[in-house]
Amino acid sequence: MYARLRELARGWPRGHAPQAFLALFAQDVRGSTIYVPGSDPVVLANRVQSPSIRGNQIKGPYLTIVVAGEYPEAHGYAPLRAYAQPIFSGKRFVPVDSEFERAVLRELIKLQWTFDRIGIDLTIEKPVFDTLTPIGACRPDFILELRSRETGEIRSIIVEAMGSTDETYLAAKAVTHPRMAQIGPLVCVSPADVETGRIGAIVRRAAGA
């Protein structure tokens with residue numbers, strides 16, 4: 001990568017520092033170090049940035065985006081900065097924002113088999129951008145699309161992972177929930193729903209299945 005960057009730097013636009021971006025799968029990140037399976041750790045010039053939900057660090061695995069560029073102390077190019085996005089697993093690169101959200105997604109994936117047996121294809125979408133509705137923008141935690149193989153009918157269900165009792169968090173959700181309901185029936189699930197295995201029944205009830 002550094003050789004290619006040095007080659008490109010010869011024609012780099014004036015006033016702009018030559019940089020490259022590298023995506024790495026990582027099981028763990030600590031401080032300025034990225035721990036990559038089957039390889040030596042990658043040490044950055046700065047701390048790795050990663051989302052933190054109300055002060056709690058989210059566990060790996062992660063998909064990390066590393067910025068490489070000129071670094072005087074290395075007398076050349078080096079990894080400078082990185083952002084580590086927690087993902088569901090090494091097989092499913094789906095972004096998650098909390099350990100609870102990861103648990104909810106695990107239950108939704110299991111639910112795909114249940115719907116498949118009754119002739120319904122279940123697609124799970126994790127939005128990374130806002131969705132516009134007639135009453136404002138929102139970003140649901142998960143959007144489920146259910147398609148009947150018999151009739152072709154398509155329905156959408158919104159699943160919100162309500163894993164916190166923080167007042168600021170709940171107030172923000174209270175504002176966006178009516179907007180989410182514009183997309184489809186809104187289902188809010190709690191840690192108790194995960195612990196007791198109720199998520200499947202809640203979603204099936206919302207789908208009328």
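Along the sequence shown, residues are numbered consecutively beginning with 1.
With a 4.5 Å cut-off on side-chain heavy atoms, Pro41 and Ile34 do not count as touching. Within the 4.5 Å cutoff, side-chain heavy atoms of Val36 are placed close to those of Val42. Looking at Asp121 and Phe115, their side chains never come closer than 4.5 Å, going by heavy atoms from C-beta outward. Counting heavy atoms from C-beta outward, Ile135 and Thr133 have side chains that approach closer than 4.5 Å. Counting heavy atoms from C-beta outward, Leu111 and Arg204 have side chains that approach closer than 4.5 Å. Between Val104 and Phe142 there is a side-chain heavy-atom pair separated by less than 4.5 Å. In this structure the side chain of Pro140 never reaches within 4.5 angstrom of the side chain of Val159, judged on heavy atoms. Two residues are said to be in side-chain contact when any heavy atoms from C-beta on lie closer than 4.5 Å; Leu170 and Met162 meet this criterion.
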Which is it for Cys138 and Ile183 under the side-chain contact (heavy atoms from CB on, under 4.5 Å) test, yes or no, and what are the steps along the way? CA-CA 10 Å; Cys138 62; Ile183 303 171; 4.0 Å; yes
Val48 vs Tyr62, test: side-chain contact (heavy atoms from CB on, under 4.5 Å). Steps then yes/no. CA-CA 11 Å; Val48 179; Tyr62 304 90; over 6 Å; no
Check the pair Ile158 / Ile143 against side-chain contact (heavy atoms from CB on, under 4.5 Å), numbers first and verdict last. CA-CA 5 Å; Ile158 307 303; Ile143 301 177; 3.8 Å; yes
Check: Taking it one step at a time, do Ile157 and Leu146 satisfy side-chain contact (heavy atoms from CB on, under 4.5 Å)?
Finding: CA-CA 8 Å; Ile157 295 176; Leu146 297 91; 3.8 Å; yes
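Criterion: ILVMFWY side-chain heavy atoms under 4.5 Å apart, direct or through other members. Under it, Ile202 and Ile120 are part of a common hydrophobic cluster. Met1 and Leu5 end up in the same hydrophobic cluster when Ile, Leu, Val, Met, Phe, Trp and Tyr side chains are linked at under 4.5 Å. Under the 4.5 Å side-chain heavy-atom criterion for Ile, Leu, Val, Met, Phe, Trp and Tyr, Tyr2 and Leu80 are members of distinct hydrophobic clusters. In the hydrophobic clustering of ILVMFWY residues, with side-chain heavy atoms under 4.5 Å counting as a link, Val189 and Ile124 come out together. Clustering ILVMFWY residues whenever any of their side-chain heavy atoms sit less than 4.5 angstrom apart, transitively, puts Ile118 in the very cluster that holds Leu122.
Relative to the ring axis of Tyr77, Arg6 does not place its NZ or CZ within 45° and under 6.0 Å from the centre.
Not a single donor-acceptor pair under 3.5 Å links the side chain of Arg139 to the backbone N or O of Thr131. No donor-acceptor pair under 3.5 Å is formed between the side chain of Glu153 and the backbone N or O of Ser148. For the pair Gln19 (side chain) and Val67 (backbone), a donor-acceptor distance under 3.5 Å is absent. Side-chain atoms of Ser32 do not come within 3.5 Å of backbone N or O of Ala45 as any donor-acceptor pair. A distance-only check finds a donor-acceptor pair linking the side chain of Arg179 to the backbone of Ala137 [under 3.5 Å]. A donor-acceptor contact shorter than 3.5 Å links the side chain of Glu160 to the backbone of Asp141. No donor-acceptor distance shorter than 3.5 angstrom exists from the side chain of Arg102 to the backbone of Val96, with no hydrogens or angles considered.
Here the OG-CD distance, from Ser156 to Gln182, works out to 13.0 Å after rounding to the nearest 0.5 Å. Rounded to the nearest 0.5 angstrom, Leu186 CG and Thr176 OG1 are separated by 8.5 Å. Atom CD of Glu7 and atom CH2 of Trp12 lie 11.5 Å apart (nearest 0.5 Å). To the nearest 0.5 Å, the span separating CD on Gln27 from OH on Tyr35 amounts to 13.0 Å. Rounded to the nearest 0.5 Å, atoms CG (Asp193) and CD (Glu107) are 10.5 Å apart. Rounding to the nearest 0.5 Å gives a distance of 4.0 Å between SG of Cys188 and NE2 of His177.
Arg155 and Ala207 get closest at one heavy-atom pair: NH1-O, 2.8 Å. When all heavy atoms of Pro61 and Ser89 are compared, the pair lying nearest together is CG-CA, 3.8 Å. Contact detail for Val194 and Ala103: the closest heavy-atom pair is CG1-CB, 4.1 Å. Looking at every heavy atom in both residues, Ala206 comes nearest to Val187 through CB-CG2, 3.6 Å. Between Ile199 and Leu108 the shortest heavy-atom distance is CG2-CD2, 4.1 Å. The two residues Gly163 and Phe100 make their nearest non-hydrogen contact at CA-CD2, 3.4 Å.
Here Arg149 pairs with Asp116 in a salt bridge; the nearest charged N to carboxylate O distance falls below 4.0 Å. Using a 4.0 Å cut-off between charged nitrogen and carboxylate oxygen, Lys126 and Asp97 count as a salt-bridge pair.
For Phe93, the ring pair (Phe, Tyr, Trp, His ring centres under 6.0 Å) partners at least two apart in sequence or on another chain are Phe25.
Inspection of the Tyr169 and Glu167 side chains reveals no N or O donor paired with an N or O acceptor under 3.5 Å.
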